[in-house]
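Below: one structure, written as structure tokens.
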Amino acid sequence: MAKQRFRDIKQGKKSSNKTSQKKEKKQQDIPYATNGQKTKAALTDSFMLLMPIMYIVVYLVMGSREGFSENMLIGWAYILVPLITLQSLFMYFGNGQTPGYRAYDIRVVDSKTLSKPPLFSIVFRNMAMVLSLITFFGWLMMFFRKDKKGLHDLLSQTTVLYEKKTQKSK
């Protein structure tokens, strides 16, 4: 395989290297989920998964808001551990989807194979997502990248894809 010359690149001539053309085309065909879809799915998950966990921890486990504010670090641990566990179970057994992801037709896949990621990657992704939201930098990354990946997706080597569901006519 011959290397493409600088003059050819500058003049906009096509490369004769078929493997690089296939790779570029393959990356363009991936239907990445938009930031809006991911944000709406996260909000849906926060109301469906996070709010009941928070209610149980604050009022049933800690006793009251005052009890939660006195032991805030332990309280947040009691909230985040079940949340990460629940999200990981939904993603692993639900084809890479939580209830919010299912509502907006998006799912988490492995970046390399575009198939269901292993359980360790899902758990690591969800733990890194908490860190990403706390630091705000990791979450902000997805607005500046073409593939819309946040820090947690880069670290866990996952991608969020949009899957348009076709409804069968009756």
Side-chain angles (χ1 to χ4, degrees), residues 19-20 22-62 68 71-166:
T19 57
S20 65
K22 285 182 183 179
K23 188 175 181 180
E24 288 175 12
K25 186 176 181 181
K26 195 174 193 180
Q27 287 178 346
Q28 292 173 355
D29 293 340
I30 297 174
Y32 295 112
T34 64
N35 293 330
Q37 290 170 323
K38 292 194 289 187
T39 303
K40 289 187 256 182
L43 287 172
T44 303
D45 283 337
S46 72
F47 282 105
M48 292 182 77
L49 302 176
L50 182 62
M51 295 306 284
I53 294 171
M54 287 181 75
Y55 181 82
I56 290 169
V57 168
V58 170
Y59 292 109
L60 298 179
V61 175
M62 298 294 216
F68 181 78
N71 301 311
M72 199 171 290
L73 187 62
I74 294 171
W76 278 109
Y78 285 162
I79 291 170
L80 292 176
V81 169
L83 177 67
I84 290 170
T85 303
L86 195 59
Q87 281 185 332
S88 299
L89 290 173
F90 267 118
M91 285 185 180
Y92 186 71
F93 292 112
N95 196 24
Q97 294 178 319
T98 60
Y101 279 39
R102 185 164 295 166
Y104 292 99
D105 297 327
I106 59 179
R107 70 183 181 107
V108 175
V109 296
D110 187 73
S111 292
K112 294 176 184 169
T113 62
L114 297 181
S115 64
K116 182 174 141 181
L119 182 61
F120 176 77
S121 293
I122 293 172
V123 172
F124 182 71
R125 178 188 189 274
N126 290 330
M127 289 179 6
M129 186 180 343
V130 172
L131 176 69
S132 182
L133 287 173
I134 290 171
T135 60
F136 195 68
F137 169 73
W139 177 77
L140 200 59
M141 282 179 59
M142 71 181 190
F143 292 101
F144 297 104
R145 292 181 54 93
K146 289 180 183 178
D147 57 3
K148 313 271 191 281
K149 288 185 180 184
L151 180 63
H152 52 282
D153 286 321
L154 292 172
L155 292 175
S156 64
Q157 296 180 351
T158 57
T159 302
V160 181
L161 298 182
Y162 173 69
E163 293 184 333
K164 181 67 178 165
K165 304 281 183 180
T166 56

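A quick note: this is a predicted structure, and the numbers were derived from the prediction, not measured. The first residue in the sequence is number 1, and the count goes up from there.
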Do the ring planes of F120 and F124 sit parallel (below 30°), tilted (30 to 60°) or perpendicular (above 60°)? parallel
Distance check, rounded to the nearest 0.5 Å: R145 atom CZ versus Y32 atom OH? 9.0 Å
At what distance, to the nearest 0.5 angstrom, does CG of D45 lie from CE of M48? 7.5 Å
Could you check if a side-chain atom of S115 sits within less than 4.5 angstrom of a side-chain atom of V109, using non-hydrogen atoms only? no
Closest non-hydrogen atom pair, Y101 against R107: CD2-CA, 4.1 Å
All heavy atoms of P52 vs all of F47, minimum pair found to be CD-O, 3.7 Å
Output for pair (K148 NZ, K38 NZ), nearest 0.5 Å, gives 8.0 Å
Taking 4.0 angstrom as the limit, do K112 and D110 come out as a salt bridge? no
Which atom pairs, donor and acceptor, lie under 3.5 Å between side-chain atoms of residues 149-159 and protein residues at least two apart or in another chain?
residue: K149; atom: NZ; partner: S111; partner atom: OG; Å: 3.0
residue: D153; atom: OD1; partner: R125; partner atom: NE; Å: 2.8
residue: D153; atom: OD1; partner: R125; partner atom: NH2; Å: 3.2
residue: D153; atom: OD1; partner: T158; partner atom: OG1; Å: 2.9
residue: S156; atom: OG; partner: H152; partner atom: O; Å: 2.8
residue: S156; atom: OG; partner: T158; partner atom: OG1; Å: 3.0
residue: T158; atom: OG1; partner: R125; partner atom: NE; Å: 3.4
residue: T159; atom: OG1; partner: S111; partner atom: OG; Å: 2.8

Might you point out which heavy atoms bring G138 and S132 nearest each other, and give the distance in Å? C-OG, 2.9 Å
NZ (K40) and OH (Y104) are apart, to the nearest 0.5 Å, by 5.5 Å
I'd like to know if the side chain of T135 reaches the main chain of L131, judged simply by a donor and an acceptor atom lying under 3.5 Å from each other, with no hydrogens or angles considered. yes
Main-chain N/O of N35 paired to T39 side chain as donor or acceptor, under 3.5 Å: yes
Hey, is CZ on F143 packed in by over 12 heavy atoms from elsewhere, all under 6.0 Å? yes
Any side-chain heavy atom of N71 within less than 4.5 Å of one from M62? yes
Can you name the residues that form a salt bridge (charged side-chain N to carboxylate O under 4.0 Å, His left out) with D105, not counting sequence neighbours? none
In residues 76-90, what donor-acceptor pairs under 3.5 Å come from side-chain atoms, sequence neighbours left out?
residue: T85; atom: OG1; partner: V81; partner atom: O; Å: 2.8
residue: S88; atom: OG; partner: I84; partner atom: O; Å: 2.7
residue: S88; atom: OG; partner: N126; partner atom: ND2; Å: 2.9

Nearest 0.5 angstrom please: I53 CD1 to S46 OG, how far? 11.0 Å
